[in-house]
Every structure is written in structure tokens, then in C-alpha cells.
Amino acid sequence: MKKNQITFDMIYDVVTKKCKSKKVLKKNQPIIIMVIFHTFPDVLSDLNNYFLTAKTYVNTTSHLAVAAAKLAILNPLVTGSAEAWDVIYPASVGDNSTHNNRTKRNILIGKIEHCLLDIYDNIPADLWTVDDRSALRRPLKAVTHTHSTVYPNAPTIEVNNIQHLGITLKMVNPATPGSQQVPAKQHMHLETCIGAAGLADADIPWAGGEEVTHFLHSIHFSEVQVGKTAYFRVCYESTRKERSVYSAICKAVIA
């Protein structure tokens with residue numbers, strides 16, 4: 001790859017603004033393109049292709065030296081069983097899809113993305129080639145960073161699905177309700193509390209939390225927690241760990 005060459009099939013979202021003035025660009029004047037990049041595509045058909053390609057790639061590209069134990073977790077999630085992605089995904093789209101299969105698909109998305117990110121994060125930087133980064137959508141990070149600031153609003157949060165020992169949450173930006181993307185240079189900080197029903201908002205003992213990067217997020221529970229109430233709230237968090245206001249509290253009974 002030549003210096004400064006852009007691999008356009010790696011760019012997920014390009015944001016451009018039309019120039020409203022009648023000024024003419026000077027010769028050799030650069031045009032600035034703002035790029036928002038995501039490893040995992042948001043379009044389901046593209047995500048399907050990515051999961052199948054990435055699974056094959058990390059299994060067959062020996063120089064990446066992916067640990068066998070990590071592949072043993074990833075592989076059965078993607079192929080090789082009746083509950084794997086290559087079976088559930090086709091049954092979860094189209095006119096004949098069922099709610100149960102769509103729920104299974106959403107849960108699998110979270111599990112597979114988590115496995116792949118764990119694999120990528122544990123590959124030493126010097127083992128990656130340009131082809132690897134292109135195939136797996138993992139470009140080199142910029143040398144210089146522009147920090148984000150506090151986001152002006154919180155995500156909305158709602159229960160998308162409840163099943164035995166599992167709750168799937170849906171979180172979107174109310175400023176862009178038609179998009180599934182997290183705002184640029186932000187991620188979501190989700191806090192969960194499990195307790196008795198009917199706790200007042202001020203009495204909920206929030207503790208810790210977890211980073212969430214996808215608009216659908218599944219949380220799993222144990223048998224001893226069945227019948228208790230799970231309380232959730234979420235905020236945006238910038239690259240400097242600056243948090244937005246929190247969302248309204250969402251709650252659901254664990255089944």
C-alpha cells in the first residue's frame with residue numbers, strides 16, 4: 001500500500017458537507033473527508049459476511065498465532081452447531097423469521113463480537129500485516145488523538161427482549177433515532193443493579209458498570225436471581241471518561 005493511500009472498502013461511514021459558498025478550490029488544495037470507522041458493520045447482511053470471513057481468517061492465518069483456547073470459544077458460536085450463527089442468522093431474517101430466532105441472533109451478535117475483540121486485542125501489534133488489518137477491519141490507530149467532550153444527552157434505554165436468565169437491552173441516541181451507531185468518540189457506560197421490586201430511584205445502590213459499544217446488549221443472570229428486579233441506567237462516556245447525564249432508569253423482572 002502506498003503512503004497516504006486510503007483503502008475505501010475499509011471505510012464504513014463517510015461524512016461530507018456541501019459547500020454553500022461560491023468559492024472555488026485553489027489548485028492542490030486538499031479536500032477534508034471526515035471518517036467514522038467501526039470494526040463491525042451495522043447492516044446485518046454485512047455483519048453476517050464479516051463474522052464468517054473473520055472466523056475463517058483467524059483460524060487459517062497462522063502468523064497471527066491466535067490461541068487455540070480462544071478459537072475453541074469462537075468457532076462453535078459461528079459454525080458447527082444447531083445454535084450457531086450460520087444456522088440462526090438465515091432463520092432470523094426474511095418473511096419467515098421468528099421472534100425466537102431474532103432474539104437468538106441478537107444474543108449471538110454480542111457473544112461473537114466479544115470473542116473477536118478479545119482475539120484481536122491479544123494479537124501482538126508487530127504480527128499484524130496490512131492485509132490482516134484490511135480483512136479484519138482493524139486499521140492502525142492514529143498517532144495523534146483528538147479527545148471528545150461530554151455528550152449533551154444520554155442514550156434512551158428499553159428492554160428489547162426477556163427470556164429465561166437473560167435480558168436484551170436496546171440503547172439508541174435520541175438525537176438520531178433512526179441510527180444504531182454510537183456517537184463518534186463516545187461509548188456507552190451501562191450500570192446494573194439487582195434487587196427487590198419497587199426501589200425508589202434514589203435508593204438504588206449503583207456500583208461499577210461496563211462499557212457497551214453496540215445498540216443491543218444482552219445481560220445474563222443466575223437461577224438464584226430469578227424473580228428479582230434488574231435496574232438499568234446508561235450514559236455516554238467520552239475518551240476522557242467524561243460522562244453525559246444518565247438515562248431514565250429502566251427495570252425488568254428476571255425470568
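Scored by the ring pair (Phe, Tyr, Trp, His ring centres under 6.0 Å) test, Y151 finds Y236 as partners (sequence neighbours excluded). Contacts of N153 classified as side chain to side chain donor-acceptor pair (under 3.5 Å), with partners at least two apart in sequence or in another chain: N173. Applying the salt bridge (charged side-chain N to carboxylate O under 4.0 Å, His left out) rule to E113 yields no partners; only residues at least two apart in sequence or on another chain are considered. The salt bridge (charged side-chain N to carboxylate O under 4.0 Å, His left out) check on R233 picks up E191, with sequence neighbours excluded. In this view, F232 satisfies the ring pair (Phe, Tyr, Trp, His ring centres under 6.0 Å) rule with no residue, not counting sequence neighbours. For the side chain to side chain donor-acceptor pair (under 3.5 Å) test, no residue two or more places apart in sequence or in another chain qualifies with S62. Under the salt bridge (charged side-chain N to carboxylate O under 4.0 Å, His left out) criterion, K70 pairs with D118, not counting sequence neighbours.
We find the CD1-NE2 distance between I112 and H114 to be 12.5 Å, quoted to the nearest 0.5 Å. The CD1 atom of I88 sits 10.5 Å away from the OG1 atom of T103 when rounded to the nearest 0.5 Å. Separating the CG atom in L169 from the CE atom in M171 is a distance of 5.5 Å, to the nearest 0.5 Å. Atoms OG and OH, on S45 and Y50 in that order, are 15.5 Å from each other to the nearest 0.5 Å. How far CD1 of I157 is from NZ of K170: 12.5 Å, rounded to the nearest 0.5 Å. T61 OG1 to L136 CG: the interatomic distance, rounded to the nearest 0.5 Å, is 7.0 Å.
A single hydrophobic cluster is not seen to contain both M188 and V150; linkage of ILVMFWY side chains at heavy-atom distances under 4.5 Å, directly or through other members, places them apart. No path of Ile, Leu, Val, Met, Phe, Trp and Tyr side chains, each step under 4.5 Å between heavy atoms, connects L52 with I73, placing them in separate hydrophobic clusters. By the rule that hydrophobic residues join a cluster once side-chain heavy atoms approach within less than 4.5 Å of another member, I249 and V172 end up as members of separate clusters.
Using a 4.5 Å heavy-atom cutoff, the side chains of H99 and N161 are in contact. Side-chain atoms of V159 and C250, non-hydrogen and from C-beta on, do get closer than 4.5 Å to each other. Considering only heavy atoms from C-beta on, W85 comes within 4.5 Å of N48 through its side chain. Within the 4.5 Å cutoff, the side chain of Y89 has no heavy atoms near those of the L47 side chain. Residues F51 and L108 form no side-chain contact, since every pair of their non-hydrogen atoms from C-beta on lies 4.5 Å or further apart. Residues I219 and L190 meet the side-chain proximity criterion, which asks for heavy atoms closer than 4.5 Å.
Under the 3.5 Å distance criterion, the side-chain polar atoms of R138 are left unmatched by any main-chain donor or acceptor of T39. No donor-acceptor distance shorter than 3.5 angstrom exists from the side chain of S134 to the backbone of V130, with no hydrogens or angles considered. For the pair S218 (side chain) and T168 (backbone), a donor-acceptor distance under 3.5 Å is absent. Between the side chain of D46 and the backbone N or O of D42 there is no donor-acceptor pair closer than 3.5 Å.
Within a 6.0 Å radius of CG in D126, more than 12 heavy atoms belonging to other residues, nucleotides or ligands are found. Annotation for N96: atom CG does not count as buried by contact number, only 12 or fewer foreign heavy atoms lying within 6.0 Å.
A175 approaches P177 most closely through the heavy-atom pair C-CD, 3.6 Å. Contact detail for K228 and G195: the closest heavy-atom pair is CB-O, 3.6 Å. The two residues S238 and Q186 come nearest to each other via the heavy atoms N-OE1, 3.4 Å. Taking every heavy atom of both residues into account, G227 and V253 meet most closely at O-CG1, 3.9 Å. In plain terms, the two heavy atoms of L127 and A65 that are nearest each other are CD1-CB, 4.4 Å. Counting all heavy atoms, side chain and backbone alike, L64 lies closest to W128 at CD2-CA, 4.5 Å.
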query = How far apart are the C-alpha atoms of K251 and L199, what are their side-chain angles, what is the distance that settles it, and do they pass the side chain to side chain contact (heavy atoms under 4.5 Å, CB included) test?
reply = CA-CA 10 Å; K251 57 186 176 182; L199 290 178; over 6 Å; no
query = side chain to side chain donor-acceptor pair (under 3.5 Å) between S92 and S97: does it pass, once the steps are laid out?
reply = CA-CA 5 Å; S92 73; S97 66; over 6 Å; no
key: Intermediate values then yes/no, side chain to side chain contact (heavy atoms under 4.5 Å, CB included), K111 and H220   = CA-CA 11 Å; K111 290 182 177 180; H220 305 282; 4.0 Å; yes
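Residue I107 is found outside any hydrophobic cluster, as its side-chain heavy atoms come under 4.5 Å of no other Ile, Leu, Val, Met, Phe, Trp or Tyr. Other cluster members for Y246: none, since no ILVMFWY side-chain heavy atom sits under 4.5 Å from it. Grouped by direct or indirect side-chain proximity (heavy atoms under 4.5 Å, Ile/Leu/Val/Met/Phe/Trp/Tyr only), V226 sits with L165.
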Tabulate below the donor-acceptor pairs under 3.5 Å that side-chain atoms of residues 74-82 make, not counting sequence neighbours, or state none.
| from | atom 1 | to | atom 2 | distance (Å) |
| --- | --- | --- | --- | --- |
| N75 | OD1 | N59 | ND2 | 2.8 |
| N75 | ND2 | N59 | OD1 | 3.0 |
| N75 | ND2 | L71 | O | 3.2 |
| T79 | OG1 | K55 | NZ | 3.0 |
| S81 | OG | E83 | N | 3.3 |
| S81 | OG | A84 | N | 3.2 |

Could you tabulate the donor-acceptor pairs under 3.5 Å formed by side-chain atoms of residues 201-217, not counting sequence neighbours?
| from | atom 1 | to | atom 2 | distance (Å) |
| --- | --- | --- | --- | --- |
| E210 | OE1 | H217 | NE2 | 3.4 |
| E210 | OE2 | H217 | NE2 | 3.4 |
| H214 | ND1 | L216 | N | 3.3 |

